[in-house]
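Lettering of chains follows the sequences in order, A, B, ..., and the numbering in each one begins at 1. Basis for what follows: all heavy atoms, side chains included, without hydrogens, waters or symmetry-related copies.
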Protein chains: 2
Amino acid sequence: MQRSARATIKDVAKAAGVSPTTVSHALNGKGVVRRETAERIRRVAAEVGYRASPIAQGLQNSKLGLLALVIRPLHSLDTFLPEGVDYFLRLAGAASLAAMERGYSLMLVDDPTKPDAPLSATAADAYIVSEPFADDPVLTLLSEKRIPFVSIGSDPSRPGRFVELETHDWAEAVLVLDHLVAAGAQRVALLTGSDANSWNRESEDAYRHWCAERGQDPDIAAFPEAEGERVGDAALDRFFGPSATAPPDALFCLTGRHAAGVNSAAAARGIRVPEDLLLAAGSGALQNRISHPGVTTLDLRPEASAQRAVEVAVRLAEGLPLDLPLEVERAVLDVRGSTTRG
Amino acid sequence: MQRSARATIKDVAKAAGVSPTTVSHALNGKGVVRRETAERIRRVAAEVGYRASPIAQGLQNSKLGLLALVIRPLHSLDTFLPEGVDYFLRLAGAASLAAMERGYSLMLVDDPTKPDAPLSATAADAYIVSEPFADDPVLTLLSEKRIPFVSIGSDPSRPGRFVELETHDWAEAVLVLDHLVAAGAQRVALLTGSDANSWNRESEDAYRHWCAERGQDPDIAAFPEAEGERVGDAALDRFFGPSATAPPDALFCLTGRHAAGVNSAAAARGIRVPEDLLLAAGSGALQNRISHPGVTTLDLRPEASAQRAVEVAVRLAEGLPLDLPLEVERAVLDVRGSTTRG
DNA sequence: CTGAAAGCGCTTACAG
DNA sequence: CTGAAAGCGCTTACAG
């Protein structure tokens, strides 16, 4: 029968008839140990299946060299795959590379506030939290445990309270809205998500403000992010159904998947994009690029945000001053067929 | 002046005039502590900037709940971004999610054999190594430290020696080659990479064998993976230049970026794809999908490999038996314009 | 060349 | 309600 517990350095010492000190020396090539002794120790260690505990080894240094990335909207999505939402995949990939370049590893962590979260979920030297929710418990937990963190986008109910990378949601929404008008829109509606994050909030606020300035009535519908492309028909019913007064001739969808759903649902019911309906998305993905017509999207440059976030996280982990601009790059508008008439 | 070392539980205890035990109780809500004492302790802890060391806390449990992914070819690439090689990004994303579902975090780790690798680089409960090189030092290190690991693809010089997920490189190469012939190819050349991994090795072996069976001379060129799209002209010179005898009418590129480079270089010099040259790639990405013409590629299904690898890694970490098929899903051929004549 | 002892920063019975 | 003591699995001066 196997012993269920892992063999420790003591077990090896006992089995080899030496002291733990000597085992440590032999296995790590430190100190001076007679060749034969060292060899015997290595053999015994292999026999009992000994593996040094990195945790115990780390106790003296007390620094793991580990960053964590928590992508809050992940659980509002039913997939993490590239076709759906490549923003987060690009963010995670770029963050991992940036961490490596600075001598850190980066892990993707599930909600660390879960009661059964693994130890690793709270073991990182610093955290990056992407798009926190309102009153986000993750931020609360990290802050209570005094674990350093930086968020990308702010907690909408506690803006400026923690270290955060400022995004340009408002300006970016206006960029899209103005583009739609330049493309010929008379009446722009907004399709937002149901997550309570700063992206949705700010964009909606910007839209309302923009409408007020133009003297247009805001026309807003919210659908869950998790519904993805499936919202297409419901959204069209909402905006063009019998109960709809004054249907829009342009639609700004905050998520790429919603836009993709609208795009294909429109085709199915004979609403021509862009002739009858101009369509733009706030955060696009591959599918918006290869659809017919292609959908105009914002490229939020997750790679740049990731780099900056990692830079900040490393400085926090090392107790260095944050003398850098705490903001992300501005998004770029990728204009495609859905807003290009004639 | 700030004390450079982090405050410990002792510091808090001293400052609050209590014992470390009481601090531990108060901060973790364990045991029984008078309200006021607990509050004072929390206040003092905040003042001195105390944060419990997750490493010390983990000593008793001795399990981090952490998986590591090492993508070996990462350093042969000059970018990790989706346009270049989305295989690894998809692999990493899917592996992270699969890990979360099983209560683990997953970190992307740089070469753990580097002398200045952070502690985290060797602290995972189990490792996944994607596409190891020949005599890969990472596998050697993990095996010596008795850290459990599974590789996706085998170490070409030590196949079957460790726990590995079998890939179907050979069969997949034949799938592409036969497809090229079915699409009208008479003479198929191979453009491989310079990394010594099983993907390149197996595919080349399969190609040679396939040629032998058909009585064709193998025509092979190798270019570094890191060159990416830039190999286009050099590759065409190699196959169609003055020194080339019997130019091919079809080219199988093992990497998508090489294929993309060939595709655009061919257009530039008036070689028509697919009319003059049939083109297929072994591992494609977005760019092969949206180029003109689109390039026929193998979809290696990294999501499925990731899931399986995580499953195996978790079992290894927990000491469970490996009663599952140790292989990845077969790739699917995405046929596009580059191999569709007329 | 080898090992007893102290210590890394916590937690957890257990005694008071 | 509070704390002394032992222990988690290692490493590292230091003494022999």
Task: Residue A/Asn28, side-chain atoms from C-beta onward, closest of D/dT11, C/dC10, C/dG3 - done: D/dT11
TODO: Can you figure out which of C/dT12, D/dC10, C/dA4 approaches the side chain of B/Thr21 most closely?
DONE: C/dT12
TODO: To the nearest Å, give me how far apart CG (A/Leu27) and P (D/dT12) are.
DONE: 14 Å
- [ ] Give the rounded distance in Å between these two atoms: CG of A/Leu119 and P of C/dG9.
- [x] 17 Å
Task: Spacing between A/Leu59 atom CG and C/dC8 atom P, to the nearest angstrom - done: 10 Å
Task: Contact under 4.0 Å: A/Gln57 side-chain N or O vs D/dT11 OP1/OP2 - done: yes
Open item on the list: Can you work out whether B/Ala56 or B/Pro20 has the more 5'-proximal nearest nucleotide on DNA chain D?
Closed with: B/Pro20
Open item on the list: Any side-chain N or O of B/Ser24 below 4.0 angstrom from OP1/OP2 of C/dT11?
Closed with: yes
Open item on the list: What contact category does B/Val33 fall into here, base, sugar-phosphate, or nothing, at under 4.0 angstrom with non-hydrogen atoms?
Closed with: sugar-phosphate
- [ ] Provide, to the nearest angstrom, the distance between the CG atom belonging to B/Asp11 and the C1' atom belonging to C/dC8.
- [x] 13 Å
Task: Protein-nucleotide distance (A/Arg146, atom CZ; C/dC10, atom P), rounded to Å - done: 13 Å
Open item on the list: Using OP1 and OP2 only, check whether a side-chain N or O of A/Ser19 sits under 4.0 Å from C/dA4.
Closed with: no
Task: Test: A/Arg315 and A/Glu311 ion pair at under 4.0 Å - done: no
TODO: When you get a sec, tell me which of C/dA13, C/dC10, C/dT2 is the closest nucleotide to the side chain of B/His25?
DONE: C/dA13
Open item on the list: Under 4.0 Å from OP1 or OP2 of C/dT12: is there any side-chain N or O of B/Lys30 that close?
Closed with: yes
TODO: Give every residue pair that meets the salt bridge (Lys or Arg N to Asp or Glu O under 4.0 Å) criterion with at least one member in residues 136-150 of chain B, sequence neighbours excluded.
DONE: B/Arg72-B/Asp136
Open item on the list: With a 4.0 Å limit, can you tell me whether B/Ser53 has a side-chain N or O closer than that to the phosphate oxygens OP1/OP2 of C/dC10?
Closed with: no
- [ ] Report which part of the nucleic acid B/Arg35 touches: base, sugar-phosphate, or nothing (heavy-atom distance under 4.0 Å, all strands).
- [x] nothing
Task: Nearest-Å distance for atom pair CD1/P, residues A/Ile9 and D/dG7 - done: 18 Å
- [ ] From the options C/dT2, D/dC10, C/dT12, select the nucleotide whose nearest atom is closest to the side chain of A/Thr37.
- [x] C/dT2
- [ ] Measure the spacing between CG of A/Leu69 and CG of A/Leu91 and express it to the nearest 0.5 Å.
- [x] 5.5 Å
TODO: May I ask you to decide if A/Ser154's main-chain N or O and A/Ser151's side chain share a donor-acceptor pair within less than 3.5 Å?
DONE: no
Open item on the list: Has B/Ser120 got a side-chain atom pairing as donor or acceptor with B/Ala123's backbone, closer than 3.5 angstrom?
Closed with: no
- [ ] Ignoring hydrogens and angles, tell me if any N or O in the side chain of A/Asp11 forms a donor-acceptor pair with the backbone of A/Thr8 under 3.5 Å.
- [x] yes
Task: Any-strand Watson-Crick or G-U partner of D/dC14, both distances under 3.5 Å - done: C/dG3
- [ ] Round to a whole Å and report the spacing from NZ of B/Lys10 to C1' of C/dC8.
- [x] 9 Å
- [ ] Would you mind reading off the distance between A/Tyr50 atom OH and D/dG9 atom P, rounded to a whole angstrom?
- [x] 10 Å
